[in-house]
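Shown next, in structure tokens, is the structure this report addresses.
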Amino acid sequence: MGPQPELRILITRDEIAAAVSRLVAEVKRDYQGKFPLLLGILKGSFMFMADLIRQLDFPLEVDFVRLSSYGSKKESSGRIKIVQGLYSEVKGRDVLVVEDIVDTGLTVSFFMDYLRKKKPASLKLCALTDKPSRRQVPVAIDYLGFTVPNRFLVGYGLDLNDRFRNLPDICVLEDEG
Ligand code: PRP
């Protein structure tokens with residue numbers, strides 16, 4: 001399991017809840033009555049997705065894909081793999097991709113391009129956090145929770161080697177050498 005790294009809360013659970021409520025209002029305004037398909041990118045987005053859709057009180061569909069870019073390291077490998085693919089029909093649907101973090105942008109950019117080829121009626125992105133200082137490819141975020149600094153973040157779905165996803169707050173690792 002390794003030593004316990006020092007964590008400091010960056011975004012509290014209350015701040016996350018307030019951001020989720022704000023995003024819910026925006027998504028509701030744009031998607032109510034459209035039976036949208038919300039597509040989460042696993043694993044990181046599971047908690048954000050769960051909180052988001054619990055407040056979206058209109059018909060919608062939820063699905064997940066599992067993409068992987070980081071492997072077991074802290075840095076993106078730049079190579080995106082579809083580990084678990086998509087089963088929903090995307091053609092003609094109003095698709096909203098749900099992500100926990102946009103960092104280099106490689107993951108979501110790959111996935112948006114992949115989806116665009118399937119001819120959805122519309123395609124937008126909802127991200128809880130955005131780390132623009134790390135961007136390698138341009139990404140348009142339609143619904144954004146927080147812009148975050150260039151620190152390694154864990155909690156609320158975000159991990160370090162698959163640990164810390166269960167933390168209710170978003171924390172920074174204090175001992176990043
Ligand atoms: C993380 C995160 C995003 C991606 C963002 O996923 O959930 O999907 O990295 O990084 P990028 O903008 O540099 O591509 P990761 O590949 O670590 O998988 P996980 O969600 O299973 O933790």
Side-chain angles (χ1 to χ4, degrees), residues 1-2 4-5 7 9-11 13 15-17 19-20 23 27 37-53 62-88 90 95-118 120 123-173 175-177:
M1 206 176 84
Q4 179 66 42
L7 301 175
I9 294 179
L10 180 70
I11 306 171
R13 64 198 76 184
E15 289 166 339
I16 294 170
V20 168
L23 293 172
V27 169
L37 172 61
L38 273 69
L39 276 182
I41 303 181
L42 293 172
K43 301 179 194 175
S45 70
F46 75 97
M47 212 179 272
F48 178 40
M49 177 71 99
D51 283 349
L52 203 58
I53 63 171
V62 181
D63 203 352
F64 291 95
V65 291
R66 188 159 170 211
L67 307 181
S68 182
S69 67
Y70 275 59
S72 62
K73 295 199 296 275
K74 284 210 251 175
E75 285 296 314
S76 173
S77 67
R79 289 187 305 274
I80 315 301
K81 285 191 301 193
I82 299 184
V83 183
Q84 178 191 307
L86 183 63
Y87 295 103
S88 308
V90 163
V95 176
L96 180 60
V97 172
V98 175
E99 253 294 30
D100 52 326
I101 188 161
V102 181
D103 188 313
T104 64
L106 292 167
T107 303
V108 83
S109 163
F110 165 87
F111 191 51
M112 299 300 262
D113 288 347
Y114 171 85
L115 290 174
R116 217 167 274 121
K117 292 187 188 126
K118 297 184 179 293
L123 181 62
K124 287 187 178 182
L125 173 62
C126 176
L128 181 65
T129 63
D130 177 24
K131 204 188 270 183
S133 55
R134 296 251 312 159
R135 199 72 91 252
Q136 290 181 23
V137 288
V139 173
I141 303 176
D142 301 283
Y143 308 93
L144 174 66
F146 303 94
T147 299
V148 293
N150 188 11
R151 301 293 304 273
F152 199 87
L153 304 182
V154 296
Y156 197 73
L158 292 156
D159 74 303
L160 170 62
N161 296 342
D162 262 320
R163 284 181 67 192
F164 307 117
R165 293 192 200 273
N166 53 322
L167 299 177
D169 309 293
I170 294 178
C171 300
V172 293
L173 286 179
D175 58 350
E176 302 174 63

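Whatever order the structure lists ligands and atoms in, that order sets their numbers, starting from 1. Being a predicted model, the structure only gives us computed values, none of them experimental.
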Determine whether the side chain, the backbone, both or neither of [X] has a heavy atom under 4.0 Å from any heavy atom of ligand 1.
| X | value |
| --- | --- |
| Ile101 | both |
| Arg135 | neither |
| Val108 | neither |
| Thr104 | both |
| Glu99 | side chain |

Is there a side-chain contact between [X] and [Y] in this structure, where contact means two heavy atoms from C-beta onward sitting under 4.5 Å apart?
| X | Y | result |
| --- | --- | --- |
| Arg134 | Val102 | no |
| Phe111 | Glu99 | no |
| Cys126 | Leu52 | yes |

- Query: Does one side chain, of Tyr156 or Asn166, offer a donor that lies under 3.5 Å from an acceptor on the other?
  - Reply: no
- Query: For Leu96 and Leu39, what are the C-alpha separation, side-chain angles and deciding distance, and is it a side-chain contact (heavy atoms from CB on, under 4.5 Å)?
  - Reply: CA-CA 6 Å; Leu96 180 60; Leu39 276 182; over 6 Å; no
- Message: Please find the pair of heavy atoms, one from Phe146 and one from Glu15, that lie closest to each other, and give the distance.
- Response: CZ-O, 3.4 Å
- Side-chain (Thr104) to main-chain (Leu106) donor-acceptor, under 3.5 angstrom: yes
What atoms of ligand 1 come within less than 4.0 Å of a heavy atom belonging to [X]?
| X | result |
| --- | --- |
| Gly44 | 19 (P), 20 (O) |
| Leu42 | 20 (O), 21 (O) |
| Asp159 | 22 (O) |
| Leu106 | 12 (O), 14 (O) |
| Gly105 | 11 (P), 12 (O), 13 (O) |
| Lys43 | 19 (P), 20 (O), 21 (O) |

- Note on the structure: Which of Val97, Val98, Ile101 passes side chain to side chain contact (heavy atoms under 4.5 Å, CB included) with Ile41? It is Val97
- Please verify whether a non-hydrogen atom of Arg165 lies at under 4.0 Å from ligand 1.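 True for this residue.
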